[in-house]
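Chain A is the first sequence line, chain B the second, and so forth, proteins listed ahead of strands; every chain is numbered from 1.
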Amino acid sequence: MTAGRLEYVSDPRPVPYRFDTDATAALVRSEFGELEPGSETGRIVRLAGRLMLRRGQGKLAFGQLADSSGRIQLFATANETPNFEDFGRLSLGDWLGVTGEVMTTRKGELSIKVLDWTVLAETRRPFPDKWHGITDPDTRYRQRYVDLWVTEEARQTLTTRSRVISLIRRWLEDRGFIEVETPVFHPIPGGALARPFVTHHNALDQDMFLRIAPELYLKRLVVGGFEKVFEIARVFRNEGISPRHNPEFTMIELYQAYADWTDMMSLVEEMVAHLATEIHGTTTISYQGRDLDLSVPWRRAPLADLVSEAIGERVGIDTPVDHLRALCDRHDVDWKDYYGPGKLLLELYEKTAEGVQWQPVFVTEYPVEVSPLARPHRDLPGMTERFEAIVAGRELCNAFSELLDPDDQRERFESQVRERDNGDEEAMAVDDDYLRALEYGLPPTGGLGIGIDRLVMLLTDSATIRDVVLFPTLRPEQTEGRDGEPAAELDTGEETLP
RNA sequence: GGGCCACUAGCUCAAUUGGCAGAGCAUCGGACUUUUAAUCCGCUGGUUCAGGGUUCGAGUCCCUGGUGGCCCA
């Protein structure tokens, strides 16, 4: 670390409080991309960014200025650049504000001839190798502020993520959906089968749960008359970390009154095809070296059919429990005594059939037993009008015709409580206020939840969710205080008992 | 939770059979008026993840722990 390096520069000027720019690297390129070698344009521009390459050349110096749009060469001369000696002493990574003339060098490289410059911030820490960057994944995620400068794919992927979310928002708003915000603190965790994070509100002296899904609040809003709503919701699930799981992740959930699950299928496939076209210009993309055809329509296949196909014999919700258990044993699936046929069928599906699907498929007809918020299938007893979209072997979304009947919903909740008593820590609890809302009447409604992180993984060809999350959850670093003492414990304001 | 692998300078990586811890880049000093990861000369820079063990001698072998990656549950 080089502390206070710029104190030794012969003419240190104070770091300004603001710096006006009127150009970016990309703007200069697009406007002057086709200049002949040796051109001088007379056009003066002001831009700012980090110095990422530097080449001293005696009475000349070259550099590369990087901003959020890209990079462009800086050209400094002893005659025309103020404080030329100091310019040559800048470190890779220093932030600069530059005023200069757009020109090309003798070799034809588009450049900014530096006519004035100022340091906007010095880097006290050396930047990573200018060619190799950072390869250690842990360092990349922990020091994303460095990674974004030295790993071009990271910058592009995370920029694409922002773009995807923006496109989704616009696409839904164009279809009459309104965006809402519902509570993150839930008194009762609900809306999904997952273990929550628990926290505590001191003034209310009450435990709260970070939401595992916004579903029940959004359906309350449909009861309240918001006919088309969506929320881009950060949700929190207290489970393991893997290439496909981050404890906090982003879902988009939407609800549409007077619609059913078939409307949700159309909506998903059209929206995803739209996103692929906007991002890639085509609905046929490549993911992890394999083609992925996102063109509408996607295949539809009942869950029981896919299981039957995978295990080579016909099974369904009416297959005897003993036989389903035997099949689970044969396919190395753990089961519990309280599992009914629906749960056994789902476990078999997840073990044998889900991962082998590559092209998009709507897996339809989920058992009532494992779908406590979905409406019973209009034709098939024991089934619900629920589907998941599987793309590249992974769940992309979950959707259904919403369960409307408060009496049925209460029974489903109570069945969940029995599962919890049996030891299933992911089972739901009874939410009386939600039942009260249903008693006021929820109209026929289609609901849908999409995992944004996984969607962005598909659209950016990312192998791990950590590559599409700016700051993925990591174990805390062993930190030290300034004097090498262990860092002070965080004071939570919690009163401790004597 | 289980298995396998990795961890060496700020970054990227070497180090033969267990035998003086090295290079490139960055940093720092110097040369250079058209460079393109510039080039050239020089100087710095190490708790080899931590602790223990074996040994005349450990980056290397053994044990325990840490962090990360991949796979499985």
Side-chain angles (χ1 to χ4, degrees), chain A residues 1-10 25 35-40 50-66 70-81 84-94 101 103-114 122-143 145-147 149-152 239-246 288 328-329 331-336 347 350-352 355 393 425 462-467 472-480 484 486:
Chain A
M1 177 160 35
T2 57
R5 184 171 33 80
L6 295 176
E7 289 169 17
Y8 305 105
V9 171
S10 62
L35 288 181
E36 295 293 310
S39 303
E40 301 209 331
R50 272 194 206 266
L51 186 71
M52 293 306 283
L53 287 176
R54 181 170 56 76
R55 294 181 284 275
Q57 183 72 43
K59 297 282 194 293
L60 290 179
F62 299 89
Q64 202 172 60
L65 189 74
R71 295 186 177 196
I72 193 156
Q73 178 163 277
L74 299 178
F75 176 80
T77 73
N79 291 336
E80 295 173 277
T81 302
F84 176 79
E85 295 278 305
D86 295 338
F87 187 86
R89 271 196 279 271
L90 291 167
S91 289
L92 298 191
D94 284 342
E101 178 184 1
M103 55 161 284
T104 53
T105 61
R106 284 180 202 162
K107 295 276 175 61
E109 179 80 21
L110 185 65
S111 308
I112 307 296
K113 182 158 68 185
V114 181
E122 63 172 313
T123 174
R124 294 189 182 189
R125 292 177 182 264
F127 262 57
D129 187 287
K130 60 191 175 190
W131 188 245
H132 299 97
I134 311 175
T135 56
D136 177 35
D138 189 49
T139 307
R140 287 189 50 215
Y141 302 139
R142 283 188 201 282
Q143 300 185 33
Y145 38 83
V146 178
D147 183 46
W149 285 105
V150 301
T151 310
E152 175 63 16
E239 35 200 50
I241 296 176
S242 85
R244 287 163 296 281
H245 298 87
N246 198 57
Q288 302 294 293
C328 283
D329 288 337
H331 290 92
D332 214 20
V333 174
D334 288 332
W335 54 269
K336 305 265 174 31
E347 294 286 323
E350 288 181 350
K351 178 76 176 190
T352 64
E425 293 185 333
S462 298
T464 152
I465 193 170
R466 291 184 286 267
D467 284 337
T473 303
L474 301 170
R475 216 176 284 270
E477 247 177 316
Q478 300 278 340
T479 55
E480 286 189 344

Listed nucleotide nearest any side-chain atom of [X], set [options]:
X	options	value
A:Leu60	B:rU34, B:rA73, B:rC70	B:rU34
A:Thr105	B:rC70, B:rG30, B:rU36	B:rU36
A:Pro243	B:rC70, B:rG24, B:rU34	B:rC70
A:Leu53	B:rC25, B:rA37, B:rG29	B:rA37
A:Gln57	B:rA73, B:rU36, B:rA38	B:rA38
A:Glu109	B:rA26, B:rU36, B:rA37	B:rU36

Excluding sequence neighbours, so at least two apart, what forms side chain to side chain contact (heavy atoms under 4.5 Å, CB included) with [X]?
X	answer
A:Gln57	A:Leu60, A:Phe62
A:Asp147	A:Arg140, A:Arg144, A:Thr151, A:Ala154
A:Leu110	A:Val28, A:Arg29, A:Phe32, A:Leu35, A:Ile72, A:Val102, A:Thr104
A:Ile465	A:Asn246, A:Asp453, A:Met457, A:Val468, A:Val469

My understanding is that only residues two or more places apart in sequence, or in another chain, count here; which of them pass salt bridge (charged side-chain N to carboxylate O under 4.0 Å, His left out) with [X]?
X	value
A:Glu109	none
A:Glu239	none
A:Glu350	none
A:Lys130	none

I'd like a list of close polar pairs between nucleotides 4-9 of chain B and the protein, N/O only, cut-off under 3.5 Å.
none

Select from A:Arg54 and A:Pro128 the residue whose nearest nucleotide in RNA chain B is closer to the 5' end of that strand.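 By nearest-heavy-atom nucleotide position, the 5'-most residue is A:Pro128.
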
Determine the interatomic distance between P on B:rG66 and the same-named atom on B:rG30; round to the nearest Å.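 It works out to 49 Å between them.
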
Pick the C1' atom in B:rC5 and in B:rU16, then give their distance to the nearest Å. 23 Å

Heavy atoms within less than 4.0 Å of RNA chain B: which residues of residues 133-141 of chain A have one? Give them sorted by number. A:Gly133, A:Ile134, A:Thr135, A:Asp136, A:Asp138

Test of understanding: with side-chain hydrogen bond (donor to acceptor under 3.5 Å, both in side chains), list the residues that count as partners of A:His132, not counting sequence neighbours. A:Asp129

Look for any protein N or O under 3.5 Å of an N or O in nucleotides 39-45 of chain B and output each such pair with its distance, or none.
none

